[in-house]
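In what follows, a structure is listed as structure tokens, so that the remarks can point back to it.
Keep in mind that the numbers below use all heavy atoms, side chains included, and drop hydrogens, waters and symmetry copies. By convention in this document, chain letters (A, B, ...) are assigned in the order of the sequence lines, proteins followed by strands, and residues within each chain are numbered from 1.
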Protein chains: 2
Amino acid sequence: MTVTLADVAVRAQVSPATVSRVLNGNYPVAATTRERVLRAVDELDYVLNGPASALAAATSDLVGILVNDIADPFFGIMASAIQGEIGGPGGRAGGERLAVTCNTGGSPERELTYLTLLQRQRAAAVILTGGAVEDAPHAAAVAAKLRKLADAGTRVVLCGRPPAPDTDAVALTFDNRGGGKELTEHLIGLGHRRLGYIAGPEERTTTRHRLEGHRAALAEAGIAEDPRWTVHGRYDRRAGYEATLELLRRDPTLTAVVAANDSVALGACAALRESGLRIPADVSVAGFDDLPFSIDAVPSLTTVRLPLAEAGARAGRIAMGREEPPPGGIATVRGELMVRGSTGVPRA
Amino acid sequence: MTVTLADVAVRAQVSPATVSRVLNGNYPVAATTRERVLRAVDELDYVLNGPASALAAATSDLVGILVNDIADPFFGIMASAIQGEIGGPGGRAGGERLAVTCNTGGSPERELTYLTLLQRQRAAAVILTGGAVEDAPHAAAVAAKLRKLADAGTRVVLCGRPPAPDTDAVALTFDNRGGGKELTEHLIGLGHRRLGYIAGPEERTTTRHRLEGHRAALAEAGIAEDPRWTVHGRYDRRAGYEATLELLRRDPTLTAVVAANDSVALGACAALRESGLRIPADVSVAGFDDLPFSIDAVPSLTTVRLPLAEAGARAGRIAMGREEPPPGGIATVRGELMVRGSTGVPRA
DNA sequence: GACCGTATAGAAAGCGCTTGCTGCGTTGCT
DNA sequence: AGCAACGCAGCAAGCGCTTTCTATACGGTC
């Protein structure tokens, strides 16, 4: 039924061992023999049996990428960059790896299950992207899993995610706190004193860090923060829309709204516009991430650009062992403030 | 070093066969025995060896999803919906499947290579999303691969992709032609007679079908099309921006621009605005797909909504054998015209 | 009490591949 | 010429699991 290595061996008049070695190219095989084997492979249209190969060799060519939300370009862009470096098809011949993206939906259990599935497949590497959930038991469980993966020879890299304690996973962390601070400083510099903040879901590192940056900026400027000025929600436009309405209800005198990310900011803009407020004349709006559509918003969004593609590519290279991990295994990736049309001086 | 089935068997004082049966749950095992085994599994922290299991059982729990561009929400939304149905974690216990997304980047070779990789892994199912490349040799190669996959027991489903001839792959096809026609009819109905069209890359089915719909609408209205009114480009905002400038250069009297998709439309809006033209007062703009950000554009985008999530979910269910394929294996999924602010009557 | 059906567990034969070791024919060196 | 060294190919032993077939033990029946 299916063609096996043995069939190829018979056809090429060599032993299965030789066929295997030709295919893996890590053992001297005479040119003429190799050619004969390759011809047989071609004629029989042979396809290696991955599981069998993985079993015998005790390694596989799977590389897992965990994302919180595959429908969000934030993750899509990183995943795309990672895959580009994993080589999938396109890498050096023979070294083809299957880069697979797993969508956790932000759920801790799913994250763990996927990690187990990947462990079960004896993945060559695993890359976790995006913020982590801040729950001690869960964090410990993930750390344990990562340790086991590492023990089994799987390379583990965190991209855009804080370092995992008690783990020697390489971490490329975004400076969410610094970016958040800079953004709010920009607003304060323009003269804003009453700033609403639409945060992401609680219990997520990204949410907390960005919020901390925001508050640090307020504190440094001597602005007392009103608890009514912060609302939590998901990382999507809908949440931004609703949160903005809520903020406006709580305090109609706000002159600026800082959003957890660009999608949220877009929702905020929609809500403000529908409320009859002009941006930035009446209310300034700022986002985070600088996703591609941000520049097309009207007015275009002031935001913090995160080098998603670059970070992803680097994480991919490290996972493939093609680039040295940063000293200490941890690197901080900084964002860049992009001042655009959605922020301006507050109304008098 | 690593814990194996045999270790668990020893610990639970049963044979490896019994452990396997407990884990797979498809054979009667006494409750007390089962419990003993499960306890041993737990205590030893045993994780099944996927490759070994796949080899012995001649099947795997991998499901592959091929997308053209994972950074594009168009694909992200579909992939997300598919994964939701595949069950990954979250499906029935024990039936966990690893849904993996493979990014072809629109390259035919990569598509083929990923298909081979999936074949090599003996994937349980493969879902191809998005338009196909219209190149006879390549189409034949893909069809051949799909046939082989099907022969090997892999379920093949096409989602948002035209049927593959000589294949019995189930196809859920978007009615791009119908949607394109309806969109242009809407514009013509408003009074437009000089319409620019920013098409996607040539040689892609999606591009051709949408363009055909557009032309059909023009033809029916008796509007002679000027070849200068069509420009090809990639499916991103940058391409839309540049194409629009080119269209304006070629014919400044255009009163409407129809874009290949929403991202392109966003780029078009930016270009028009920078050229000092108002939307829709001076020029109307229309997109396609109705991605989440489209409603937030200013003015919000008139577009054709494609039920991406629904189609993806359905494709996922069919791939998992949880839903009957449509009669004949082919279903057409229609889009819905969403008339919003970016289109209006042409300037006098 | 012998007989049989049923429920449950074990033995063992692979699944298709990789790889350490062995063996042989050849080349290179003295 | 003689010996070591080397290049290349084959043998065979698994890798860790699934599954068919077989064995055992029980309970009930006549």
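Computed from coordinates, the A:R21 CZ to D:dC11 P distance equals 11 Å when rounded to whole Å. For the pair B:N49 CG and C:dG16 C1', the computed distance is 14 Å after rounding to whole Å. The distance from atom CG of A:L23 to atom P of C:dT18 is 7 Å, rounded to the nearest whole Å. Here D:dC17 presents its P atom at 6 Å from CG of B:L48, a figure rounded to the nearest Å. Taking atom CD of residue A:Q13 and atom C1' of nucleotide D:dA9, one finds them 14 Å apart after rounding to whole Å. The nearest whole Å value for the distance from the CZ atom in A:R34 to the C1' atom in D:dG7 is 13 Å. Protein atom CD of B:E35 is 17 Å distant from nucleotide atom C1' of C:dT8, rounded to whole Å. Between the CZ atom of A:R120 and the P atom of D:dC15 there is a distance of 21 Å, rounded to whole Å.
In this model, the phosphate group of C:dA11 is not approached by any side-chain N or O of B:S15 to a distance below 4.0 Å at OP1 or OP2. In this structure, A:S20 does not reach the C:dC17 phosphate: none of its side-chain N or O atoms is under 4.0 Å from OP1 or OP2. In this structure, A:T18 does not reach the D:dA9 phosphate: none of its side-chain N or O atoms is under 4.0 Å from OP1 or OP2. Checking the phosphate oxygens (OP1, OP2) of D:dA9, a side-chain nitrogen or oxygen of A:T33 falls inside 4.0 Å.
A:A17 comes within 4.0 angstrom of a base, heavy atoms only.
Here the side chains of B:V67 and B:M78 are not in contact, with every heavy-atom distance at 4.5 Å or above.
The nucleotide whose nearest atom lies closest to any side-chain atom of A:L5 is, among D:dT18, C:dC17, D:dC8, C:dC17. Picking from D:dA9, C:dT19, D:dC15 the nucleotide with the shortest atom distance to the side chain of A:A56 gives D:dC15.
No hydrogens or angles were tested; on distance alone, nothing pairs the side chain of B:Y27 with the base of C:dA7 as donor and acceptor under 3.5 Å. One cannot find a donor-acceptor pair under 3.5 Å joining the base of D:dG16 and the side-chain atoms of A:R122.
A donor-acceptor pair is defined here as one N or O able to donate and one able to accept, closer than 3.5 Å; no such pair exists between the side chain of B:E85 and the backbone of B:A313. Counting only distance, with no hydrogens or angles, the side chain of A:R317 and the backbone of A:E323 share no donor-acceptor pair below 3.5 Å.
Applying the 6.0 Å contact sphere to CD of B:Q13 captures no more than 12 heavy atoms from other residues, nucleotides or ligands.
Comparing B:T32 and B:A52 along DNA chain C, the residue whose closest nucleotide (by nearest heavy atom) sits nearer the 5' end is B:T32.
In summary, the side chains of B:T101 and B:Q83 do present a donor paired with an acceptor at a separation below 3.5 Å, with no hydrogens or angles considered.
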